[in-house]
Novice: 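This is the structure, below, for whatever I ask next.
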Amino acid sequence: MRADANVPGAVACPGCGAPVAMPTFRLSAVCAHCDTPVVDAARARATVDAVVPFQVPRKAAAAAIAAHLRAHRLAPRRIARLRVLDRHLEGEFMPVYAIDGTVTGRYEAEIGIHYTTTTTRRGLDGKRRTVTEVKTQWFSLRGRCGRNVEDHLASGATILPEPVANALKPFDLGWAQAFDPRLVAGFAAYAFDTPRDQAVDVAHDEILAAEARRIARDFLPGDEKNLASLTSNLRIERVRRVLVPIWRAKVPYAGRQLVFTVNGQTGRVLGKVPVSPWKVGGIVAAVAAVLLYLWWRAGG
Amino acid sequence: MSRLLRCESCGGTVRYVVERSAGACLFCGAKTLTLYEPDTPPAEPSGIVPPRIQPAEAAQRFRAWAAGSFWYPKALREAHVELSPLLLPAYRLAADVTAYYAGLVRASTRSGKRPVAGEEHWHDEVYVPASGALSEPELAALEPFDASEAVPVERADALARWPQETPQRSPRFARARAHARMTARAEAFVAHERGLLSCRVSPVFENERFDLFAVPIYAGIFVHRGRPRRLLVNAQTGEVVGKAPLDRVKVTLAVLLAAAALLATCRLLGCT
């Protein structure tokens, strides 16, 4: 629905027909004349494979943030009474690359298995004592490993830093639908600005690092384990460009804004909650007082 | 366009069938049903598993279950619970599994064990319920279902008119569940086949095939002390699933008797 070839990046408003400037990093906007939500459907259809619709309504997102604030015992008392209003929340669709693939690898590891030995020794007093010792027998183990990777998410835009994209998981991409302007209208939908290859490279490193952790912690047998080497290979089978829903809340508090992000599908809340210096000070003072008392009882 | 009946109390959603749709929710008995047309029609099952157990036999199984414990109240034994036929959605995932394993085996070493690693290949199939109205423990207790007897929807006229819950879990979600189940089965299988003391499996699933089936159950509501309780019967195996109430009078008497017996024993032994 490009309005005018002479106005680059402008989309015609479906309400009043006025050209609406659409920044390159956005796929949706609001008409400045009549407040109608406008979606750059042509560009979105060309760059987005699927959209995960919101499952957490605005009110539920506000309630999730309120619960998140109340759960922080060290937060100032005023925080628990903070009201998250509808106008503090903005629904956004973030671009992510969803990667499916298979990791296979070969490993070499040292496996330690504990066993006990019991020996009887004569002590200095001449009495015989039985001593039980736990020892470790070490073995070398070589083998292969593998797993399917499903919907590993990598950020598709600079507005969504990779650590935030990872922290927002999980999303059930099974509910993703083909792009439809009605799904994103009224929300801020961001465009992909990270090249696919760059995102895949980042995901590749994340997946292989996670695989090494999984093999070392969960897969290898024995009481002690030492992963000597792991050569793994990721075969990427599918990369989808998906818009995932989040609620972003900017809540005014003590002259500044607290920013929270809510997963629009699961209601999971991310965001730092301020800590009360009085509460922290009180705990530190109490611990110090107990330690001082114990020290004094022990004779200084 | 298919119309759906959604219960506003429990969220249970079934396809609307004029001659079958009752005035109350089949999952919770509430009368808060809303008829609506979804924007996108729900996924159609590729087959319907026919019941092996007829309603009369299901009712008999329920009565046997209700009389199965001394602690169940008389009201449950004498209750007339109407068991309604219902089709639940379930995904079947079939896949070729390559299981890379590592574990410990008995050996004549100082520790009595040594580590081993290897790989096994086989074909596996698991069923994952896609119901949203029933709880996970209920669904687990209802299993297994055998979809090898499934008939295509177009050849299951009578069954297609049973109330049918629409899938509430996406295939993607079900796939993750199916992989977890296949992994657990692979660990048990490899440990048994290879005689391992402990075993971890790192599986790769290939040539996956997903099918949606509708599996038959009977569902009924039993109201005890004003609280509705759900009773389910697997229409293939006849397994009855439900949380039966306990007879409060019997439990109270048993506690009092046990306390009296304890006191009497103490007196006899001269405890102070």
Side-chain angles (χ1 to χ4, degrees), chain A residues 50 52-53 55 98 100-117 134-151 170-178 180 182-183 211 214-215 217-225 232 235 237 240 265, chain B residues 39-40 43 91 93 95-121 128 130 132 167-180 182-183 186-187 190-191 194 196-208 210:
Chain A
V52 179
Q55 282 182 344
D100 291 349
T102 307
V103 192
T104 48
R106 289 178 183 277
Y107 62 84
E108 284 186 27
E110 297 296 316
I111 303 296
I113 303 175
H114 291 167
Y115 64 100
T116 51
T117 56
V134 177
K135 293 184 175 175
T136 306
Q137 186 176 14
W138 287 95
F139 299 88
S140 289
L141 184 70
R142 283 181 185 184
R144 296 181 65 193
C145 55
R147 77 178 171 98
N148 299 81
V149 177
E150 289 159 30
D151 294 335
F171 286 97
D172 179 2
L173 299 195
W175 296 116
Q177 299 175 16
D180 183 332
R182 288 177 297 175
L183 291 172
E211 182 65 356
R214 186 182 73 89
I215 296 298
R217 283 185 200 164
D218 304 331
F219 180 63
L220 293 175
D223 302 309
E224 291 178 38
K225 35 214 155 179
S232 43
R235 189 180 76 225
E237 285 146 16
R240 284 194 300 166
Q265 211 181 17
Chain B
D39 287 343
T40 48
Y91 292 106
L93 176 70
D96 294 330
V97 184
T98 301
Y100 301 106
Y101 67 86
L104 297 177
V105 68
R106 276 190 208 290
S108 50
T109 60
R110 273 172 290 164
S111 57
K113 302 169 199 168
R114 72 179 167 82
V116 287
E119 61 186 82
E120 294 269 1
H121 305 264
V128 179
Q168 303 294 305
R169 303 276 178 260
S170 75
R172 206 86 187 157
F173 177 87
R175 189 175 177 225
R177 295 282 309 277
H179 284 179
M182 282 181 169
T183 304
E187 283 181 349
V190 172
R194 299 277 168 184
L196 304 183
L197 297 167
S198 67
C199 172
R200 295 311 300 263
V201 158
S202 174
V204 173
F205 305 98
E206 288 172 305
N207 303 323
E208 289 178 292
F210 242 100

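Quick note on labels: first sequence line is chain A, next is B, and so on, each numbered from 1. When reading the values below, keep in mind they use all heavy atoms of this one structure, side chains included, and skip hydrogens, waters and symmetry mates.
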Novice: Drop me the distance from A:T136's OG1 to A:E110's CD, to the nearest 0.5 angstrom.
Specialist: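 With rounding to 0.5 Å, OG1 (A:T136) is 12.5 Å from CD (A:E110).
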Novice: Answer yes or no: is there a side-chain heavy-atom contact under 4.5 Å between A:Q137 and B:K113?
Specialist: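 No - every pair of side-chain heavy atoms lies 4.5 Å or more apart.
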Novice: Which region of A:N148, side chain (C-beta onward) or backbone (N, CA, C, O), has a non-hydrogen atom less than 4.5 Å from a non-hydrogen atom of chain B, or is it both or neither?
Specialist: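 Interface part for A:N148: both.
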Novice: Is there a side-chain contact between B:L196 and B:Y101, using heavy atoms and a 4.5 Å cut-off?
Specialist: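 Yes - at least one pair of side-chain heavy atoms lies under 4.5 Å apart.
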Novice: Do you know which of B:S111, B:A117, B:A174 has the most heavy-atom pairs under 4.5 Å to chain A?
Specialist: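 Option with the greatest count: B:S111.
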Novice: Quick check on A:D100 against chain B: is it the side chain, the backbone, both or neither that has a heavy atom closer than 4.5 Å?
Specialist: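 For A:D100, side-chain heavy atoms alone lie under 4.5 Å from chain B.
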Novice: Angle between ring planes, B:F210 versus B:Y91, binned at 30° and 60°: parallel, tilted or perpendicular?
Specialist: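 The arrangement is perpendicular - the two ring planes meet at more than 60°.
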Novice: Using non-hydrogen atoms and a 4.5 Å limit, figure out which bit of A:R214 sits close to chain B: side chain, backbone, both or neither.
Specialist: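 Contact with chain B: side chain only.
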Novice: Within the structure provided, determine whether A:V134 and A:Y115 are in side-chain contact (heavy-atom separation under 4.5 Å).
Specialist: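 A:V134 does not reach A:Y115 side chain to side chain.
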Novice: Between A:Q265 (side chain only) and A:D172 (backbone N and O only), is there a donor and an acceptor less than 3.5 Å apart?
Specialist: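 Confirmed, A:Q265 side chain pairs with A:D172 backbone.
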Novice: Chain B heavy atoms under 4.5 Å from A:Y107: which part of the residue, side chain, backbone, both or neither?
Specialist: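 When you check distances to chain B, only side chain atoms of A:Y107 fall under 4.5 Å.
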Novice: Using heavy-atom distances under 4.5 Å, tell me whether A:T104 contacts chain B through its side chain, its backbone, both, or neither.
Specialist: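 It is the side chain, since no backbone atom gets that close.
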Novice: Would you give the length of the straight line joining atom CD of B:E206 to atom CG of B:D96, rounded to the nearest 0.5 angstrom?
Specialist: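 One gets 7.0 Å once the value is rounded to the nearest 0.5 Å.
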Novice: Starting from the C-alpha separation in whole Å, work towards a yes-or-no answer on salt bridge (Lys or Arg N to Asp or Glu O under 4.0 Å) for B:R200 and A:D218.
Specialist: CA-CA 8 Å; B:R200 295 311 300 263; A:D218 304 331; 5.6 Å; no
Novice: Can you tell me which portion of B:T183 sits under 4.5 Å from chain A's heavy atoms? Options are side chain, backbone, both or neither.
Specialist: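 No part of it gets close to chain A.
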Novice: Just give me the residue among A:R142, A:Q177, A:R144 that pairs up with chain B most often, heavy atom to heavy atom, under 4.5 Å.
Specialist: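 Top option by heavy-atom pairs under 4.5 Å: A:R144.
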Novice: With chain B, which of A:K135, A:R147, A:E150, A:H114 has the greatest number of heavy-atom pairs at distances under 4.5 Å?
Specialist: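 Sorted descending by pairs with chain B, the first entry is A:E150.
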Novice: Report which part of A:I111 has an atom under 4.5 Å of a heavy atom belonging to chain B: side chain, backbone, both, or neither.
Specialist: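 A:I111 touches chain B through side-chain heavy atoms alone.
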Novice: Looking at A:A176, A:G143, A:C145, which has the largest count of heavy-atom pairs under 4.5 Å with chain B?
Specialist: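 Of the candidates given, the most pairs with chain B belong to A:C145.
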